[in-house]
Colleague: 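Provided herewith is a single structure, encoded as structure tokens, for subsequent inquiry.
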Amino acid sequence: MKTYANIVNGRPVLSERTFESRNPATGEVLGLVPHSTAAQVAEAVAAARAAQPAWAARPDAERKALMMKVAEVIKGNAEYLAEWVTKEQGKPLGGVGPDQVPGARFELWGCEVWTQVPASLDLPVDLAFEDDTRRDEVHRKPFGVIGAIAPWNWPLLIAIWQIVPSLRAGNTVVIKPSEYTSIGTLELVRLISEVLPAGVLNTISGPGEVGAALVDNPGVDKIMFTGSGATGAKIAAAAAKNLTPTTMELGGNDAAIMLPDADPKAMAMGLFWGAFLNMGQTCACAKRLYVHESQHDAVVAELKALAEAMPMGDGLAPGTVMGPIQNRMQFDKVNRLVERARADGATIVCGGKPVEGPGNFYPLTLVTDIADGAPLVDEEQFGPVLPIIRYSNVDDAIASANRLDVGLGASVWSTNVDRAREVASRIQAGTVWINQHGMIHPMVPFGGVKGSGWGVEFGVDGLKAVTQPQVISIRK
Ligand code: NAD
């Protein structure tokens, strides 16, 4: 069985202890991953610290050009890396484009684009103030070493979101992938490291305690974390000890509200993927759908037809549109929430029972006759289940959307965009989409409010988030 190596200071690093990475569609062991020791975490941070001054001192144009080379490496290895995403994470290979499955090839295409965009953006010097007596310029400086901790749902794309803006802005990086999906990230970093100076990008791997050692290291100047709120709270508390700043991209429980004038037939496909992209294992998926009573049955019928038509299976098999749930813990959570809803009297419109056999397969499930307060509505299910809640008054639907302590995304569906915008402005979420859901873009800032975190990624704001302002104040 092959052991995949970490990359520290440009060299492969193994550890005495290893753990297995498994294919969630088959249970097959795919390879072994090093369990980094505390000393290895410290070595990775030291390598990043040593490389950072020279990296930051390079002309900006050189770093931009190197990021463009990184994008070429991603493109050149996209198929190899997409297969790793499918094998480890489960999403089908699929293809790129409006009619095709947003699977692993789509993830790799996203990695390429989310590398090219920060590479082409500029961070201009802002003029804060100028008069006859003084000139005050705001420059942007890198933090130094970024410690990045990633989840398992979009393992390579989220790693790229953390790595590329950080490097582009003159930071160096130590990244820890999720223990469920490490190999793809280690392979991605091995490949892109070939065009980067040694020490600029380093990896460590292992469970939460390895991430905790990274957060505790005083050599880390900023933490970028994407994952659950529970882990985010632990990291924020640990980071406070060294006063290390953090970006927190945490979980959500996005509400989608269909206004009474929505068009169920025309909007069903957008709603469907808004809820079931990556089997619902996406931070900004629609996780509860509020439908006006006049539209309820039509919406349920449209979504049911789509859910039942999607072939589910091993993502490497041609024609697969839906893969497995990535890990057993998540599978059990989905199962528990559906069983509880059933026991409490909800209607399971389709799905609702685990698929027998190897792999974590759970069918696409729609649940109706359910209300706010039910665990399936109030907890982040992060899986292929959508509760559909009937409402009669739009103000009540808005109050429902806002009643939880999270606010990552939300969406409003209507044939009247002005009306939808008015509703959107009353929703507490980092992004409110109108007639689409989860449609992130590399130029558009993305982040949560309330318990969904703080700070943003993407676009110029995302680049600013991995730098700190330095004022140069000149007396005239
Ligand atoms: P998780 O919090 O369990 O794990 C995320 C990472 O944190 C893993 O690498 C894990 O090893 C590490 N970790 C665990 N304990 C740690 C500790 N004490 N110190 C440091 N690191 C530690 O999350 P997950 O289950 O991998 O991901 C799913 C969650 O992530 C969902 O809630 C989802 O909504 C959220 N998510 C948010 C975004 C976003 O952009 N807002 C994107 C994707 C996923």
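Residues: numbered from 1 along the sequence shown. Just follow the structure's listing: the first ligand is 1, and inside any ligand the first atom is 1.
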Colleague: Under the criterion side-chain hydrogen bond (donor to acceptor under 3.5 Å, both in side chains), I'd like the reasoning laid out for Ser228 against Thr231: C-alpha separation, chi angles, the key distance, then a yes or no.
Modeller: CA-CA 5 Å; Ser228 64; Thr231 305; 3.1 Å; yes
Colleague: Do side-chain atoms of Tyr391 reach the backbone of Ser400 as a donor and acceptor pair under 3.5 angstrom?
Modeller: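 Side chain of Tyr391 to backbone of Ser400: no pair is present.
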Colleague: Can we say Glu79 and Arg105 salt-bridge, meaning some charged N sits less than 4.0 Å from an Asp/Glu carboxylate O?
Modeller: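 Between Arg105 and Glu79 there is a salt bridge, with a charged N closer than 4.0 Å to a carboxylate O.
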Colleague: Would you call Glu380 and Lys333 a salt bridge, using N to O less than 4.0 angstrom?
Modeller: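 Not counted as a salt bridge, because no side-chain N and carboxylate O are separated by less than 4.0 Å.
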Colleague: Give a yes or no on whether the backbone of Ile7 and the side-chain of Thr203 come within a donor-acceptor separation of less than 3.5 Å.
Modeller: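 Yes; judged by distance alone, with no hydrogens or angles, the pair exists.
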Colleague: Can you find an N/O atom of Asn153 closer than 3.5 Å to an N/O atom of ligand 1?
Modeller: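 Looking only at distances, the answer is no, because the N/O contact criterion of under 3.5 Å is not met.
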Colleague: Please check whether Lys176 reaches ligand 1 - meaning an N/O of the residue sits under 3.5 Å from an N/O of the ligand, judged on distance alone.
Modeller: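 It does: an N or O of Lys176 is found under 3.5 Å from an N or O of ligand 1.
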Colleague: Below 3.5 angstrom, do we get any N/O pair linking Glu179 and ligand 1?
Modeller: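 Indeed, backbone or side chain, Glu179 has an N or O that close.
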Colleague: Heavy-atom contact under 4.0 Å between Tyr180 and ligand 1?
Modeller: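 Contact absent.
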Colleague: Polar-atom distance check: Leu250 versus ligand 1, any N or O pair below 3.5 Å?
Modeller: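 Among all N and O atoms of Leu250, at least one is under 3.5 Å from an N or O of ligand 1.
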Colleague: Using modelled atom types only, decide if a donor and an acceptor are shared between the side chain of Asp378 and the backbone of Gly373 within a distance under 3.5 Å.
Modeller: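 A pair under 3.5 Å: yes.
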Colleague: Can you name the atoms of ligand 1, numbered from 1 with element, that are less than 4.0 Å from a heavy atom of Pro177?
Modeller: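 Per the distance check, 9 (O).
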Colleague: Going by the atom numbers of ligand 1, which of them fall below 4.0 Å from some non-hydrogen atom of Leu408?
Modeller: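 Going through ligand 1 atom by atom, the ones under 4.0 Å from Leu408 are 41 (N).
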Colleague: In terms of residue, atom name and distance, what is the protein heavy atom nearest to atom 38 (C) of ligand 1?
Modeller: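 Protein heavy atom at minimum distance: Cys283 CB, 3.0 Å.
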Colleague: Check for me whether Ser178 has a heavy atom closer than 4.0 Å to any atom of ligand 1.
Modeller: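 It does; at least one heavy atom falls under 4.0 Å.
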Colleague: List the steps, then state whether side-chain hydrogen bond (donor to acceptor under 3.5 Å, both in side chains) holds for Glu457 with Thr247.
Modeller: CA-CA 9 Å; Glu457 296 182 299; Thr247 290; over 6 Å; no
Colleague: Pick whichever of Glu249, Gln281, Met248, Gln326 has a heavy atom sitting closest to atom 40 (O) of ligand 1.
Modeller: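 Result: the heavy atom closest to atom 40 (O) of ligand 1 is in Glu249.
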Colleague: Please could you name the atoms of ligand 1 that Gly211 approaches to less than 4.0 Å, counting only its heavy atoms?
Modeller: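 Under 4.0 Å from Gly211, ligand 1 has these atoms: 19 (N), 20 (C), 21 (N).
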Colleague: Just to confirm my output: which protein heavy-atom neighbour is closest to atom 17 (C) of ligand 1, and how far is it?
Modeller: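 Residue, atom and distance for the closest contact: Gly208 O, 3.6 Å.
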Colleague: Got an N/O contact under 3.5 Å between Ser228 and ligand 1?
Modeller: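 In this structure, Ser228 places an N or O atom under 3.5 Å from an N or O of ligand 1.
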Colleague: Is it the case that the ring center of Trp413 lies less than 6.0 angstrom away from the ring center of Tyr290?
Modeller: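 Not under 6.0 Å, so no.
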Colleague: If the condition is salt bridge (Lys or Arg N to Asp or Glu O under 4.0 Å), which residues does Lys64 pass it with, not counting sequence neighbours?
Modeller: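 Testing Lys64 for salt bridge (Lys or Arg N to Asp or Glu O under 4.0 Å), a comparison that skips the adjacent residues, returns Asp122.
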Colleague: Show me which atoms of ligand 1 lie under 4.0 Å from any heavy atom of Phe446.
Modeller: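 Counting from 1, the qualifying ligand atoms are 40 (O).
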Colleague: Establish, from distance only, whether the side-chain atoms of Thr181 and Gln89 form a donor-acceptor pair under 3.5 Å.
Modeller: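 On atom types as modelled, these side chains do not qualify, holding no pair under 3.5 Å.
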Colleague: Provide, to 0.1 Å, the distance between atom 18 (N) of ligand 1 and the closest protein heavy atom, together with that atom's residue and name.
Modeller: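 Answer, as residue, atom name and distance: Lys234 CD, 4.0 Å.
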Colleague: Contact between ligand 1 and Trp161 is defined here as a heavy atom of the residue under 4.0 Å from a ligand atom; is it met?
Modeller: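 No heavy atom of Trp161 comes that close to ligand 1.
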Colleague: What are the atoms of ligand 1, with element, lying closer than 4.0 Å to any heavy atom of Ile149?
Modeller: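 Within the 4.0 Å cut-off of Ile149, ligand 1 contributes 6 (C), 7 (O), 9 (O), 12 (C), 20 (C), 21 (N).
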Colleague: Looking at Thr172, Asn217, Asp221, which one forms a side-chain hydrogen bond (donor to acceptor under 3.5 Å, both in side chains) with Arg49?
Modeller: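 Result for side-chain hydrogen bond (donor to acceptor under 3.5 Å, both in side chains) with Arg49: Asp221.
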Colleague: Would you say Thr231 has any N or O atom under 3.5 Å from an N or O of ligand 1, going by distance alone?
Modeller: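 In this structure, Thr231 places an N or O atom under 3.5 Å from an N or O of ligand 1.
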Colleague: Just jot down the ligand 1 atoms closer than 4.0 angstrom to any heavy atom of Ile158, in number order.
Modeller: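 In order of numbering, the contacting atoms are 42 (C), 43 (C).
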Colleague: Among Trp152, Phe382, Phe225, which residue places a heavy atom closest to atom 33 (C) of ligand 1?
Modeller: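 Selected option, by shortest heavy-atom distance: Phe382.
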Colleague: Salt bridge check, Glu339 against Arg342: does any charged N sit closer than 4.0 Å to a carboxylate O?
Modeller: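 Counted as a salt bridge, because a side-chain N and a carboxylate O are separated by less than 4.0 Å.
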Colleague: Hey, does Ala150 come in under 3.5 Å of ligand 1, counting only N/O atoms on both sides?
Modeller: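 Yes, at least one N or O pair falls under 3.5 Å.
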Colleague: Return a yes/no value for Gly227: is any of its N or O atoms, backbone included, closer than 3.5 angstrom to an N or O of ligand 1?
Modeller: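 In this structure, Gly227 places an N or O atom under 3.5 Å from an N or O of ligand 1.
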Colleague: I need the nearest protein heavy-atom contact for atom 27 (O) of ligand 1: residue, atom name and distance, please.
Modeller: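 The protein heavy atom lying closest is Pro151 CB, 3.4 Å.
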Colleague: State the atoms of ligand 1, each with its element, that fall below the 4.0 Å cut-off from a heavy-atom position in Glu380.
Modeller: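 Contacts of ligand 1 toward Glu380, numbered from 1: 31 (C), 32 (O), 33 (C), 34 (O).
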Colleague: I'd like to know if the side chain of Glu28 and the backbone of Leu30 have a donor-acceptor N/O pair within less than 3.5 Å.
Modeller: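 A pair under 3.5 Å: no.
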Colleague: Sequence neighbours excluded and cut-off under 3.5 Å, please list the side-chain donor-acceptor pairs for residues 148-158, or say none.
Modeller:
| from | atom 1 | to | atom 2 | distance (Å) |
| --- | --- | --- | --- | --- |
| Asn153 | ND2 | Gln281 | O | 3.2 |
| Trp154 | NE1 | Thr282 | OG1 | 3.0 |

